[in-house]
Q: 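To start, I am sharing the structure in question, which I have written as structure tokens.
Note that this is a predicted model, so its numbers are computed, not measured. Just so we're on the same page: letters track the sequence lines, and every chain starts at 1.
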Amino acid sequence: MSRGAVDAAAEPQTAVVDYAGPNIAKEMHVGHLRSSILGDALARTLAFLGHQVIRQNHVGDFGTQFGMLIRQGRELSLDRGNVAISDLDAYYKQAAQRDKEDPQFAAEARQAVVDLQHGKPEAVSIWHWIVHESRRHCRELFDQLGITLTPADERGESFYKDRLPKVVALLQSALGSGGDGPDDQGPDGAPATATPPGEAKVSRAFATVSDGAVCVFLPGYVDKDKKPLPLIIQKSDGAFLYATTDLAALHFRIIENKLTPEDQAPLNCDWHAQRVIYTTDSRQAQHFSMVFDALRAAHWDINPVSGRPVRLEHAAFGAILGDDGKPFKTRSGESVKLRDLLAEAVQRADEVLLQKRPDLSAADRHAVAKAVGIGAIKYADLRQDRTTDYIFNWDRMLSFEGNTGPYLQYTYARICSILRKARQEVSAAPAGAIILTEPQEIALAKKLLAFASAVDSVVRDLRPHHLCHYLYELCGAYSSFYENCPVLKAADAATRHSRLQLCVVTAGVLRVGLQELLGIAVLDEM
RNA sequence: GCGCUAGUAGCUCAAUUGGAUAGAGCGUUGGCCUCCGAAGCCAAAGGUUGUGGGUUCGACUCCCGCCUGGCGCACCA
């Protein structure tokens, strides 16, 4: 019962899960929570079903903000290898403050960007140091959260920087006009290009220059004045943008599939993605819609191996709100640091355990508190339909009652308790049939059989809350069974054995579902 | 203004994608520990699914209008 009777997918796919990583110059905050938890649950579930999953942490590590950070870093040059950025936010704020107030600092910061982009060793060295420290910080939090991202999964903006000019050039060539490429007219009659009169001759080109910026015009997108809305891939000053990097990343993941000598991150398996999933908040829905459409228009969405279109999905999610229904912030209006949030969860769980389990040693209690506190946060997030906003409430998620992480963990621990006792009493586990007579036994067995379809709906719709809902109902079915059907004290040996088997299977499904698929730790005792 | 999204019990959320009497938890009320972990179980009360039309044998779900909230809409990510 190691898989809960779930078969591997008939047609395994190569799927990229892009966790849409944090901006590396700042400390991680509550805004990164859903992306990490959701992306990881999806990656874990896809992998469990036998798909080849390529996890990607697409960190923001090459933006203009690095200019001032590098400039700031120059003053910490002594023993840089031993200096840690203990508080990235403070460091960032300090740099931003000086950038604002000190014109000379700002000028040097701008120069530092150029230095970085030209590979000047001094700037690159400081950049490496900042990135290294940030990476350490991220890894620490991912470890705490039980996120399966590793350093090898990290490809940020810097990874794609050398590919951006080529991407723009390719999109500017006639590439998109071949075959059944985009028409010059959108379906609603809107022109597919907004090329100024002087440049009208490039109308067959796919990407066009408008107001000095390289743009891709796609049918169906208009701005406030009903004029065609471009996807800008190169600014008028020559700089590249988020959309450029996303297109370059998609091109790399689907088509390119090879490294250059400069690339730092390894290519640990054959890419050529058949499915690409982004977990970012819903505000970016239009951005991804346009990027995907641009990719399709360029025919870059065709997998070179299968010749079939790649499944491109934006697993958008809503905001985390405070009790007042407004974005979750600290009392002083700052964004909540992820580190503080996790610490508070563990602390609160520890306080509850102090009441419930005064017999535990401090060390044991803390270990349980960690699993319970982190699990509570993750479950509270995953149990909600990702597309909607939800209200973050400590008391609700940690109440240990009702549809919460702790309740599911508790149910699992209770089963384990029975199994421990059974092993003590049973010398040899006899093979035998499961006999279903009591209504609670039948209900539990039926529930167990529904596991596979719950898992399936997670990857079909990218909705882990279906699995949460299922696991919660399974726990309810088990609890009813537990109340009404004695296991260890069953009337006869066959019934006892049968019920023990039901316990084993239920525990197996809970362990797989919670721990392996959702990334929520289970405990034999709590 | 245009687009996306949401509105379901006092509160927080579901509803297997159009199926039978709209389900849970919290809270409220009442039961169940000499019995495998009561962080549990059983039961009750609580609904004109924002609103007005339409399609359908059948609508929380699909279509149209309206109301309310959130978000987005040319060189940020």
Q: Donor-acceptor pairs are to be reported for all side-chain atoms of residues 446-459 of chain A against protein atoms at under 3.5 Å, with residues two or more places apart or in another chain.
A:
from: Lys447(A); atom 1: NZ; to: Glu473(A); atom 2: OE1; distance (Å): 2.7
from: Ser453(A); atom 1: OG; to: Ala450(A); atom 2: O; distance (Å): 3.3
from: Ser457(A); atom 1: OG; to: Ala454(A); atom 2: O; distance (Å): 3.1
from: Ser457(A); atom 1: OG; to: His466(A); atom 2: ND1; distance (Å): 3.2

Q: Base, sugar-phosphate, or nothing: which does Gln284(A) touch, judged by heavy atoms less than 4.0 Å apart?
A: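 Base, at least one base atom sits under 4.0 Å.
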Q: Please list every stem that involves RNA chain B, where a stem is a run of 3 or more consecutive Watson-Crick or G-U wobble pairs with both pairing distances under 3.5 Å.
A: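 Paired runs of 3+ in RNA chain B: B:1-7 with B:67-73, B:10-13 with B:23-26, B:28-32 with B:40-44, B:50-54 with B:62-66.
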Q: Nearest to the Tyr242(A) side chain among rA77(B), rC42(B), rC36(B), which nucleotide is it?
A: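 Nearest to the side chain of Tyr242(A) among the choices is rA77(B).
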Q: Quick one: label Ile391(A) by what it contacts on the DNA or RNA (base, sugar-phosphate, nothing), any heavy atom closer than 4.0 Å.
A: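 Here Ile391(A) touches the backbone only, sparing every base.
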Q: Nearest-nucleotide wise, let me know which of Glu525(A) and Asp225(A) is further upstream toward the 5' end of RNA chain B.
A: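 Whichever sits nearer the 5' end wins; that is Asp225(A).
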Q: Checking understanding here: a glycosidic angle within 90° of 0 is syn, the rest anti, so what is rC33(B)?
A: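 Syn, angle within 90° of zero.
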Q: Counting N and O atoms only, with roles assigned by atom type, does the side chain of Thr404(A) sit under 3.5 Å from a partner on the main chain of Tyr407(A), one being a donor and the other an acceptor?
A: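 Judged by distance alone, yes, a pair lies under 3.5 Å.
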Q: Select base, sugar-phosphate, or nothing to describe what Pro406(A) touches, counting heavy atoms under 4.0 Å on all strands.
A: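 Pro406(A): no heavy atom of the nucleic acid under 4.0 Å.
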Q: Are the charged groups of Glu525(A) and Arg357(A) less than 4.0 angstrom apart, N to O?
A: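 Looking at Arg357(A) together with Glu525(A), the answer is no, because their closest N to O distance does not fall below 4.0 Å.
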Q: Taking atom types as they are modelled, is there a donor-acceptor pair under 3.5 Å from the base of rU17(B) to the side chain of Asp461(A)?
A: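 Per atom types, the contact qualifies.
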Q: Suppose we screen for side-chain hydrogen bond (donor to acceptor under 3.5 Å, both in side chains). Which residues come up paired with Asp385(A), at least two apart in sequence or across chains?
A: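 Listed in chain order: Thr387(A).
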Q: Is the backbone of Ser158(A) close enough, under 3.5 Å, to the side chain of Asp61(A) for a donor and an acceptor to pair up by distance?
A: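 Checking the backbone N and O of Ser158(A) against the side chain of Asp61(A), a donor-acceptor pair under 3.5 Å is found.
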Q: Of all residues at least two apart in sequence or in a different chain, which pass the side-chain hydrogen bond (donor to acceptor under 3.5 Å, both in side chains) check with His287(A)?
A: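 His287(A) satisfies side-chain hydrogen bond (donor to acceptor under 3.5 Å, both in side chains) with Asp246(A) only.
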Q: Using the C1' atom as the point on both nucleotides, what is the distance between rC11(B) and rG58(B), in whole Å?
A: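 Each nucleotide's C1' atom is 32 Å from the other's.
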Q: Mind checking side-chain hydrogen bond (donor to acceptor under 3.5 Å, both in side chains) for Lys161(A) and listing every partner two or more places apart, or none if nothing turns up?
A: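 For Lys161(A) there are no side-chain hydrogen bond (donor to acceptor under 3.5 Å, both in side chains) partners, ignoring immediate neighbours.
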Q: Round to the nearest Å and state the distance from Lys489(A) atom NZ to rU34(B) atom P.
A: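 Taking NZ of Lys489(A) and P of rU34(B), I get 12 Å after rounding.
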Q: Would you confirm whether Ser236(A), through its side chain, and Gly212(A), through its main-chain N or O, come within 3.5 Å as a donor-acceptor pair?
A: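 No, the answer is negative, given that no donor and acceptor are paired below the 3.5 Å cut-off.
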Q: More 5' along RNA chain B: Arg396(A) or Arg460(A), using each one's nearest nucleotide?
A: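 Result of the comparison: Arg396(A).
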Q: Does His466(A) put a side-chain nitrogen or oxygen below 4.0 Å from OP1 or OP2 of rA14(B)?
A: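 It does not, given that no N or O in the side chain of His466(A) lies less than 4.0 Å from OP1 or OP2 of rA14(B).
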Q: How would you label the contact of Ala213(A) with the nucleic acid (heavy atoms, under 4.0 Å): base, sugar-phosphate, or nothing?
A: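 Ala213(A): base contact, heavy atoms under 4.0 Å.
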Q: Counting just side-chain N and O atoms, does Thr388(A) come under 4.0 Å of either OP1 or OP2 of rU5(B)?
A: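 No, outside the criterion.
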Q: Taking only the side-chain heavy atoms of Glu401(A) (C-beta and beyond), determine which of rC36(B), rA14(B), rC26(B) contains the nearest atom.
A: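 For the Glu401(A) side chain, the nearest candidate turns out to be rC26(B).
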Q: Expressed as a whole number of angstroms, how long is the span from Asp324(A):CG to rC11(B):C1'?
A: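 Nearest whole value for this atom pair: 15 Å.
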Q: Does rA14(B) have OP1 or OP2 sitting under 4.0 Å from an N or O in the side chain of Tyr472(A)?
A: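 Checking rA14(B) against Tyr472(A), no side-chain N or O comes under 4.0 Å of OP1 or OP2.
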Q: Of all the choices, rA77(B), rU17(B), rA14(B), which nucleotide is nearest to the side chain of His465(A) once you look at every atom?
A: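 When the side chain of His465(A) is considered, rA14(B) is the closest of rA77(B), rU17(B), rA14(B).
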Q: Given atom CG of Leu321(A) and atom C1' of rC13(B), what is their separation to the nearest angstrom?
A: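 After rounding, the reported distance stands at 14 Å.
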Q: Return the nearest nucleotide to the side chain of Ser479(A); candidates are rC41(B), rC36(B), rA77(B).
A: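 Nucleotide nearest to Ser479(A)'s side chain: rC41(B).
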Q: Whole angstroms only, please: what is the CG-P distance between Leu510(A) and rG40(B)?
A: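 It works out to 15 Å between those atoms.
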Q: Counting side-chain heavy atoms from C-beta on, which of rC2(B), rA39(B), rC36(B) comes nearest to Lys356(A)?
A: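 So the side chain of Lys356(A) is nearest to rA39(B).
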Q: Does the Arg463(A) side chain pair with the main chain of Arg386(A), one donor and one acceptor, at a distance under 3.5 Å?
A: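 Pair absent, no side-chain N/O of Arg463(A) close to backbone of Arg386(A).
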Q: Would you classify Tyr390(A) as touching base, sugar-phosphate or nothing, given that sugar-phosphate means primed atoms plus P, OP1 and OP2, and contacts are heavy atoms under 4.0 Å?
A: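 Sugar-phosphate contact only.
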Q: Would you please name every residue forming a ring-ring contact (aromatic ring centres under 6.0 Å, His included) with Tyr390(A), sequence neighbours left out?
A: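 Scan of Tyr390(A) (ring-ring contact (aromatic ring centres under 6.0 Å, His included), adjacent residues dropped) gives none.
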Q: Does His469(A) make a side-chain N or O approach to OP1 or OP2 of rG23(B) shorter than 4.0 Å?
A: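 For rG23(B), OP1/OP2 do not have a side-chain N/O of His469(A) under 4.0 Å.
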Q: Any N or O donor-acceptor pair linking the side chain of Thr404(A) to the base of rA39(B) at under 3.5 Å?
A: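 Check fails, no donor-acceptor contact within cut-off.
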Q: Going by the rule side-chain hydrogen bond (donor to acceptor under 3.5 Å, both in side chains), which residues pair with Gln515(A) if we only count those two or more places apart in sequence or in a different chain?
A: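 Partners of Gln515(A) by the side-chain hydrogen bond (donor to acceptor under 3.5 Å, both in side chains) criterion come out as none, since no residue qualifies.
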Q: Please report, rounded to the nearest Å, how far the P atom of rA38(B) is from the CD atom of Gln355(A).
A: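 To the nearest whole Å, that distance equals 19 Å.
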Q: Strictly below 4.0 Å, heavy-atom distances to any atom of RNA chain B: list the hits from residues 368-387 of chain A, or just say none.
A: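 Contacts with RNA chain B under 4.0 Å: Arg383(A), Gln384(A), Asp385(A).
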Q: Let's see if you get this right: which residues in residues 409-417 of chain A place a heavy atom under 4.0 Å from RNA chain B?
A: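 The answer is Tyr410(A), Ala413(A), Arg414(A), Ser417(A).
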Q: Would you indicate, yes or no, if rG37(B) has its OP1 or OP2 atom less than 4.0 angstrom from a side-chain nitrogen or oxygen of Lys421(A)?
A: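 So the side-chain polar atoms of Lys421(A) do come within 4.0 Å of the phosphate oxygens OP1 or OP2 of rG37(B), strictly under.
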Q: With syn defined as a glycosidic angle within 90° of 0 and anti as the rest, where does rU17(B) land?
A: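 Judged by the O4'-C1' to base torsion, rU17(B) sits in syn, the angle falling within 90° of 0.
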Q: Tabulate below the donor-acceptor pairs under 3.5 Å that side-chain atoms of residues 215-224 of chain A make, not counting sequence neighbours, or state none.
A:
from: Tyr221(A); atom 1: OH; to: Ser289(A); atom 2: O; distance (Å): 3.3
from: Tyr221(A); atom 1: OH; to: Ser289(A); atom 2: OG; distance (Å): 2.5
from: Tyr221(A); atom 1: OH; to: Asp293(A); atom 2: OD2; distance (Å): 2.7
from: Asp223(A); atom 1: OD1; to: Asp225(A); atom 2: N; distance (Å): 2.9
from: Asp223(A); atom 1: OD1; to: Lys226(A); atom 2: N; distance (Å): 3.2
from: Asp223(A); atom 1: OD1; to: Lys227(A); atom 2: N; distance (Å): 2.9

Q: Output every pair passing side-chain hydrogen bond (donor to acceptor under 3.5 Å, both in side chains) with a member in residues 364-380 of chain A, not counting sequence neighbours, ordered by first then second residue.
A: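 Qualifying pairs, neighbours excluded: Asp350(A)-Arg365(A), Ser361(A)-Asp364(A), Tyr379(A)-Asn403(A).
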Q: How far, in whole Å, is rC33(B) from rG40(B) if one measures between their C1' atoms?
A: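 Those two atoms are separated by 10 Å.
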Q: Given rC41(B), is OP1 or OP2 found less than 4.0 Å from the side-chain N or O atoms of Tyr407(A)?
A: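 The answer is yes; a side-chain N or O of Tyr407(A) sits under 4.0 Å from OP1 or OP2.
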Q: Looking only at the side chain of Tyr482(A) (C-beta and beyond, no hydrogens), which of the listed nucleotides rC36(B), rG72(B), rA74(B) gets closest?
A: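 In terms of side-chain proximity for Tyr482(A), the closest of rC36(B), rG72(B), rA74(B) is rC36(B).
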Q: Using the C1' atom in both, what is the distance from rG50(B) to rG69(B), to the nearest Å?
A: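 To the nearest whole Å, 11 Å.
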Q: Kindly write out the residues that satisfy side chain to side chain contact (heavy atoms under 4.5 Å, CB included) with Val113(A), not counting sequence neighbours, or none if the list is empty.
A: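 Side chain to side chain contact (heavy atoms under 4.5 Å, CB included) list for Val113(A), sorted by chain: Gln117(A).
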Q: Take atom CD1 of Ile232(A) and atom C1' of rC73(B), then tell me their distance rounded to the nearest Å.
A: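 That distance rounds to 12 Å.
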